[in-house]
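What follows is a single structure, written as structure tokens, with notes after it.
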Amino acid sequence: MSGVPGLSLSGTARIDGQMLFGPLDISAPAGRWTCLLGPSGVGKTTLLRLIAGIEDVAVLDGAVSASDSAPLPGRIALMAQSDLLMPWLNVIDNVMLGARLRGAAPDRARAQGVLERVGLASHAAKHPDTLSGGERQRAALARTLMEDRAVVLLDEPFSALDARTRAEMQDLAADLLQDRTVLMVTHDPGEAIRLGHQVLLLTERGCEAIPLPDTAPPRAVDDAQALAAQGALLSRLMVKA
Amino acid sequence: MTRPWLTAALSAALAIALWQALVTLTGMPRFILPGPGLVAKTLWTSRALIAEHAVITMIEVLVGLALGAILGGMTAIGLAASPMARSLIRPMMVFSQAIPVFALAPVLTLWLGYGLWSKVAMALLIIYFPVTSAFFDALMRTPKGWLDLARVMGASPRRIMWHIRVPAGLPGFASGLRLAAVYAPIGAIIGEWVGASKGLGYLMLLANGRAKIDLMFAALIVLAIFTLILHAAVDRACRKWLD
């Protein structure tokens with residue numbers, strides 16, 4: 001992967017003239033994981049959608065830009081809370097969906113390789129409804145990897161998983177998406193602290209950076225420093241606006 | 001129920017018993033209400049006559065159903081693809097539904113003649129709206145997450161339509177087709193009543209006029225069974241390919 005850019009968003013978002021968030025100035029450094037936390041309704045998902053260029057309701061009075069000044073469209077992959085697998089396609093066809101949608105020839109060998117990396121090699125021909133929740137999210141991760149984009153936006157991708165599967169998926173994603181610019185929205189302080197090179201807390205008052213342990217992510221689930229940071233972050237979240 | 005065919009058979013037996021009971025209790029003459037036994041007998045003795053007319057009706061229904069499915073499907077995709085088409089054509093479609101199909105039958109016969117095509121047109125007319133409407137609604141209900149994903153992947157609206165919205169909307173298309181399988185015979189029969197020299201509808205009208213109520217009932221039963229089989233076949237096909 002060459003030329004991974006950092007991301008930045010600055011400005012104010014409004015829905016029908018009503019302020020949603022801002023004025024904000026958020027940046028996600030190149031090749032690092034930035035985790036974005038905050039109460040519901042503060043506009044985290046909208047922020048992600050504005051960066052992805054798919055927001056139809058909120059209007060950003062400001063700018064989204066890449067640190068290399070090149071346009072972002074075509075350099076972003078998105079992974080959401082729902083796996084968004086097409087039920088009529090089998091796993092490998094879901095993984096190759098992007099190529100199909102762009103009218104390009106799908107690279108089946110590479111898709112098979114990507115499925116191997118997420119541990120779904122033997123599930124390529126299965127349909128999504130025969131997979132478990134964790135396997136479905138692995139397939140979604142494989143589809144995201146297949147896109148091979150420099151910037152990856154994650155919108156609470158693991159929040160519907162059980163604790164063990166979630167921790168496994170976090171490690172897997174941290175491994176497979178390293179060196180990419182990742183912006184992840186999450187509700188889980190533990191997840192943010194485990195995975196973030198940078199953790200941002202978005203509230204009605206603005207955006208602030210949360211202090212992190214010195215260790216490099218992904219931090220162990222029982223890392224004492226990480227657990228302390230997680231506790232501090234949770235207390236910080238519980239302070240009323 | 002573990003054996004649907006058993007309950008269906010029991011239900012049919014019950015209906016026949018009620019029918020026979022009605023004939024016996026009221027003592028109605030056979031030219032007003034024939035019993036199931038007489039109708040079964042007529043069904044057998046006039047089988048060649050009924051079959052000859054039934055084939056005509058079946059062809060009308062199947063052609064109407066196929067054309068209605070194609071036209072309805074294409075209209076739904078066109079409407080879903082274009083907001084302009086929606087604002088221009090949807091009011092027209094709703095208005096067309098306010099016109100009773102019965103009232104159009106004589107005109108269709110006038111325009112298309114006494115043959116096959118006026119009945120096909122009638123069947124098509126009656127199923128066009130339910131097919132279009134069911135498929136269109138499904139196309140407009142594509143989960144937003146899928147559309148967002150496709151946009152981030154750089155898909156054109158045209159490819160989103162073919163690779164996401166149409167496959168996602170096929171179950172809706174299927175429910176339209178299931179309705180159509182039941183409505184299409186009604187359309188064909190209306191067409192035959194208004195002007196025809198062949199078909200089950202024509203045979204029923206003829207038998208009724210000659211006080212051969214047993215023959216009318218026999219033709220009616222054949223039509224009902226055909227409709228049930230058609231519905232079951234369409235349902236099976238939809239389950240296999242569309243749902």
- Item | Main-chain N/O of L120(A) paired to R138(A) side chain as donor or acceptor, under 3.5 Å | no
- Task: Inspect the contact between R166(A) and D171(A) and indicate whether a charged nitrogen and a carboxylate oxygen are less than 4.0 angstrom apart.
- Result: no
- Note on the structure: Okay, L89(A) and chain B: the region with an atom under 4.5 Å from a heavy atom over there is neither
- Query: If you count heavy-atom pairs under 4.5 Å between each of G154(B), A155(B), P167(B) and chain A, which one has the most?
  - Reply: P167(B)
- Message: How about OH on Y183(B), more than 12 heavy atoms from neighbouring residues, nucleotides or ligands closer than 6.0 Å, or not?
- Response: no
- Query: Checking A77(A) against chain B: side chain, backbone, both or neither under 4.5 Å from a heavy atom?
  - Reply: backbone
- Task: Using the side-chain contact (heavy atoms from CB on, under 4.5 Å) rule, take L153(A) and V151(A) through it: C-alpha gap first, then chi angles, then the decisive distance, then the call.
- Result: CA-CA 7 Å; L153(A) 305 176; V151(A) 177; 4.2 Å; yes
- Using non-hydrogen atoms and a 4.5 Å limit, figure out which bit of L170(B) sits close to chain A: side chain, backbone, both or neither. neither
